[in-house]
Student: 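I have a structure here, written as structure tokens, and I will follow up with some questions on it.
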Amino acid sequence: MTQDELFKTLVAHCKEYGFIFPSSEIYDGLAAVYDYGQMGSELKNNIKRYWWEAMVRLHENIVGIDSCIFMHPKIWEASGHVSAFNDPLIDNKDSKKRYRADVLIEDYIAKLEEKINKEVEKARKKFGEAFDEAKFLETNPNVLRNRTKIDEVRKRMADALNANDFAELRQIIVDCDIVCPISGTKNWTEVRQFNLMFSTQLGNTSDDTNVIYLRPETAQGIFVNYLNVQKTGRMKIPFGIAQIGKAFRNEIVARQFIFRMREFEQMEMQFFIKPGTELDWFAKWKEARLAWHKALGMGEQNYRFHDHEKLAHYANAATDIEFNFPFGFKELEGIHSRTDFDLGNHQKYSGKKIQYFDPETGESYTPYVIETSIGVDRMVLAVLSNSLREETLENGEKRIVLSIPAPLAPVKVAVLPLLKKDGLPELAQTVMDELKYDFNCQYDEKDSIGKRYRRQDAIGTPFCVTVDHDSLQDHCVTIRHRDTMAQERVRIEDLHKIINDQVSMTSLLKHLK
Ligand code: GAP
């Protein structure tokens, strides 16, 4: 399967097996909004639990909160979102389609990178074992030409974005001969700024003074509760506040399924530190967050850091943890050194003193902040796209399997009576009753055992337990492992331990030590 086919198969699979549905589907859907079905919501909850326990439970100096989506409108002035949370947009006059100017340029760069990769693959085939990739990349004229072009365009774009120079952004698009993917023409408008926040009215008047925003990040709920948490929790710097919750952005280029949505969920942690220590803490959190991802065993080669060329309005250092999605390496998580920008501004706009008194040194200061921010939905997409496989079995049949990391799998174990008679369903129910308090179990007695295995493979269930006639005598069952399809005969009383060893969140968390 090509990456493109894999992605289309994944979207169809998510719908067919109850992971993700287009929102309001019976009304033809709502663009860039998706609902999670019975399997998707279990997976999402397991991801959130993994994050919460890794951040809050395993760190004695991190606590969690749950703040509201609606907040005082001044918060978004203080945070800079009213003035600076914008995307540069450009329209194609022929197709009437609107694009983010920086995304058009990034897509152009991705195409040049693709050309380099193709050149390398061609040479690898031609020279076989003798092929020296590093040397080829350093000397091949086509590669060097494309590499120079990439560096040049990247630098021009970063400079233009940093300077908010929209005429230059448009000029890059013109100079690179970028055409509209729909109309194929270069008939572009000027580049304009577009604010990404959704607004609505509080109460029953439509007067401008009552305008409030749906939060575009959960972080501000943490900043405005800093004093409450620090005082009531008697927190000492360094300490963190974590939160999981919905965020909303009026994304213009909303695409790639749940990668970029208008309503999505974030898991954010703000770590409050002494000014001057931020670069050390930034490095520590980069390492800690990458370790969290790697512990899932989804392939170390699928992650990389990407340091920001254009820093957000609040940051003095920033990096993304990028994941190898079916459409290439893209941002999964952001780690930002936010300085005292947010607390400092809230102090200014609210008129309340937001300071930390250090009992050891006797000084007071506005804390600096390191933020880790990951989208739950992007994490769901990373897990699902990394897990979906089509395999050809020895007998020539195909099976679709979701090799979801076992602690995140929606259903942990399926209990299957071989036949719907002879007391097998009753014994299977007893097995269910023993397991269901600790594991999400599914009982299935319909169709052949082979079809039932396939159904469980398709939703990523790590274990199937089959109850047969011998089970009535020897109190043993057959346990089948999802990834290897290996089967073993085990005692019913041993099932709990065998399953727990593979699926428990605790063993996953212990990898983080
Ligand atoms: N508080 C900082 C902040 O919000 P961000 O880089 O804009 O930073 C953090 O967003 C994370 O939120 C991203 O790494 C991504 O995983 C997720 N995210 C952002 N916009 C999203 C969208 N439109 N749809 C889905 N996830 C999104």
Side-chain angles (χ1 to χ4, degrees), residues 20 23 30-36 40 44 47-48 51 67 69 71 75-76 78-81 84-87 100 102-103 194-198 213-224 240-271 282 285-286 289-290 292-293 303-323 325 327 329-339 341-343 369-385:
I20 298 160
S23 167
L30 184 64
V33 188
Y34 290 90
D35 294 336
Y36 284 84
K44 204 176 173 201
I47 288 172
K48 289 195 270 186
W51 184 86
S67 71
I69 287 169
M71 299 201 279
I75 287 173
W76 304 110
S79 69
H81 283 82
F85 195 52
N86 301 315
D87 272 349
R100 256 174 65 180
D102 56 330
V103 171
F194 178 85
N195 193 284
L196 296 180
M197 283 196 294
F198 282 105
Y213 299 99
L214 300 192
R215 65 180 179 198
E217 62 170 11
T218 61
Q220 296 304 324
I222 294 178
F223 290 123
V224 297
I241 305 179
Q243 164 156 246
I244 299 179
K246 289 268 185 172
F248 304 83
R249 295 182 190 177
N250 198 1
E251 300 279 3
I252 287 304
V253 190
R255 59 177 187 183
Q256 288 155 331
F257 194 33
I258 56 170
F259 182 81
R260 197 179 298 286
M261 298 200 288
R262 299 203 164 102
E263 172 179 343
F264 58 99
E265 216 168 347
Q266 289 185 314
M267 307 188 280
E268 299 202 296
M269 193 277 301
Q270 312 295 322
F271 199 69
F282 181 66
W285 277 110
K286 270 176 80 170
R289 291 304 305 146
L290 190 62
W292 183 88
H293 288 282
Y303 301 90
R304 71 181 187 195
F305 285 117
H306 171 243
D307 295 329
H308 285 205
E309 277 142 13
K310 178 186 193 294
L311 291 172
H313 59 272
Y314 48 72
N316 75 352
T319 197
D320 294 336
I321 295 178
E322 292 189 336
F323 184 75
F325 287 100
F327 35 83
F329 273 94
K330 292 272 173 264
E331 176 185 350
L332 172 58
E333 169 156 7
I335 300 162
H336 313 120
S337 170
R338 289 181 81 129
T339 66
F341 176 88
D342 302 87
L343 289 184
V369 170
I370 301 297
E371 164 183 76
T372 72
S373 173
I374 172 169
V376 181
D377 313 271
R378 281 199 194 170
M379 192 58 202
V380 170
L381 186 58
V383 169
L384 288 173
S385 61

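For ligands, and for the atoms within them, numbers begin at 1 and follow the listed sequence. All values below were derived from every heavy atom in this structure, side-chain atoms included, with hydrogens, water molecules and symmetry-related copies excluded. One is the number of the first residue; the rest follow in order along the sequence. All values reported here derive from a predicted model rather than from experimental measurement.
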Student: Would you mind listing which atoms of ligand 1 come within a distance below 4.0 Å of any non-hydrogen atom of Glu217?
Tutor: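 In order of numbering, the contacting atoms are 1 (N), 2 (C), 3 (C), 4 (O).
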Student: What protein heavy atom lies closest to atom 10 (O) of ligand 1? Include the residue and the distance to one decimal.
Tutor: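 For atom 10 (O) of ligand 1, the nearest protein heavy atom comes out as Gln266 NE2, 3.5 Å.
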Student: To which protein heavy atom is atom 25 (C) of ligand 1 closest, and what is the distance rounded to 0.1 Å?
Tutor: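 Going atom by atom, the protein heavy atom closest to atom 25 (C) of ligand 1 ends up being Phe259 O, 3.2 Å.
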Student: For Gln220 and His81, what are the C-alpha separation, side-chain angles and deciding distance, and is it a side chain to side chain donor-acceptor pair (under 3.5 Å)?
Tutor: CA-CA 10 Å; Gln220 296 304 324; His81 283 82; 4.7 Å; no
Student: Could you tell me, atom by atom, which parts of ligand 1 come under 4.0 Å of a heavy atom of Glu268?
Tutor: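 Near Glu268, meaning under 4.0 Å from one of its heavy atoms, ligand 1 has 1 (N), 2 (C), 3 (C), 4 (O).
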Student: Indicate the atoms forming the closest heavy-atom contact of Arg215 with Lys246, along with that distance.
Tutor: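 Looks like NE-O, 2.6 Å.
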Student: Taking 4.0 angstrom as the limit and counting only heavy atoms of Glu333, give me the atoms of ligand 1 inside it, by number and element.
Tutor: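 Here the atoms of ligand 1 in question are 14 (O).
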Student: Among Phe325, Phe327, Tyr34, which residue satisfies the ring pair (Phe, Tyr, Trp, His ring centres under 6.0 Å) criterion with Phe257?
Tutor: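 Answer to the ring pair (Phe, Tyr, Trp, His ring centres under 6.0 Å) test with Phe257 among Phe325, Phe327, Tyr34: Tyr34.
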Student: Is there a ring-ring contact (aromatic ring centres under 6.0 Å, His included) between Phe329 and Phe323? Walk through the geometry before answering.
Tutor: CA-CA 5 Å; Phe329 273 94; Phe323 184 75; 7.7 Å; no
Student: Between Glu371 and Gln270, do the side chains contain a donor N or O and an acceptor N or O under 3.5 Å apart?
Tutor: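 There is such a pair between these side chains.
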Student: Among all the protein's non-hydrogen atoms, which is closest to atom 7 (O) of ligand 1, and how far away is it?
Tutor: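 Looking only at protein heavy atoms, the one closest to atom 7 (O) of ligand 1 is Arg249 NH1, 2.8 Å.
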Student: Looking only at protein heavy atoms, identify the closest one to atom 14 (O) of ligand 1 and say how far it is in Å.
Tutor: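 The closest one turns out to be Glu331 OE2, 2.6 Å.
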Student: A side-chain contact here means heavy atoms from C-beta on lying under 4.5 Å apart; do Ser79 and Phe85 qualify?
Tutor: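 Heavy-atom side-chain distance check fails, nothing below 4.5 Å.
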Student: Please report which non-hydrogen protein atom sits nearest to atom 2 (C) of ligand 1, along with the residue it belongs to and the distance in Å to one decimal place.
Tutor: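 Ranking protein heavy atoms by distance from atom 2 (C) of ligand 1, first comes Glu371 OE1, 3.0 Å.
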Student: Could an N or O of ligand 1 be found under 3.5 Å from any N or O of Gly375, whether backbone or side chain?
Tutor: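 N/O-N/O distance under 3.5 Å: yes.
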Student: So, 4.0 Å and heavy atoms of Arg338: is ligand 1 close enough to count as a contact?
Tutor: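 It does, in that a heavy atom of Arg338 comes within the 4.0 Å cut-off of ligand 1.
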Student: Mark the output for Leu332 as yes if a heavy-atom distance to ligand 1 is under 4.0 Å, and as no if none is.
Tutor: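 Leu332: in contact with ligand 1 (<4.0 Å).
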Student: Ser373 vs Glu217, test: side chain to side chain donor-acceptor pair (under 3.5 Å). Steps then yes/no.
Tutor: CA-CA 9 Å; Ser373 173; Glu217 62 170 11; over 6 Å; no
Student: Which protein non-hydrogen atom lies closest to atom 15 (C) of ligand 1, naming both residue and atom, and how far is it?
Tutor: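 Here the nearest protein heavy atom works out to Arg378 NH1, 3.5 Å.
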Student: Would you mind checking which non-hydrogen protein atom is closest to atom 24 (N) of ligand 1, with the distance to 0.1 Å?
Tutor: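 Result: Met261 N, 2.9 Å.
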Student: Return the closest protein heavy atom for atom 9 (C) of ligand 1 as residue, atom name and distance.
Tutor: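 Scanning the protein heavy atoms, the shortest distance from atom 9 (C) of ligand 1 goes to Ser373 OG, 2.9 Å.
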Student: Which ligand 1 atoms, with their elements, are less than 4.0 angstrom from a heavy-atom of Gly334?
Tutor: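 In order of number, 14 (O).
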Student: To the nearest 0.5 Å, how far apart are CD1 in Ile321 and CZ in Arg304?
Tutor: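 With rounding to 0.5 Å, CD1 (Ile321) is 13.0 Å from CZ (Arg304).
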Student: Kindly compute the distance separating CG (Asp102) from CG (Asp87), expressed to the nearest 0.5 Å.
Tutor: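 If we round to the nearest 0.5 Å, Asp102:CG and Asp87:CG are 6.5 Å apart.
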Student: Which one of Ile75, Ile241, Leu343 satisfies the side-chain contact (heavy atoms from CB on, under 4.5 Å) criterion with Phe223?
Tutor: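 Of the listed residues Ile75, Ile241, Leu343, the side-chain contact (heavy atoms from CB on, under 4.5 Å) partner of Phe223 is Leu343.
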Student: Out of Arg262, His336, Arg260, who is nearest to atom 8 (O) of ligand 1 when you count heavy atoms only?
Tutor: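 It is His336 that holds the nearest heavy atom.
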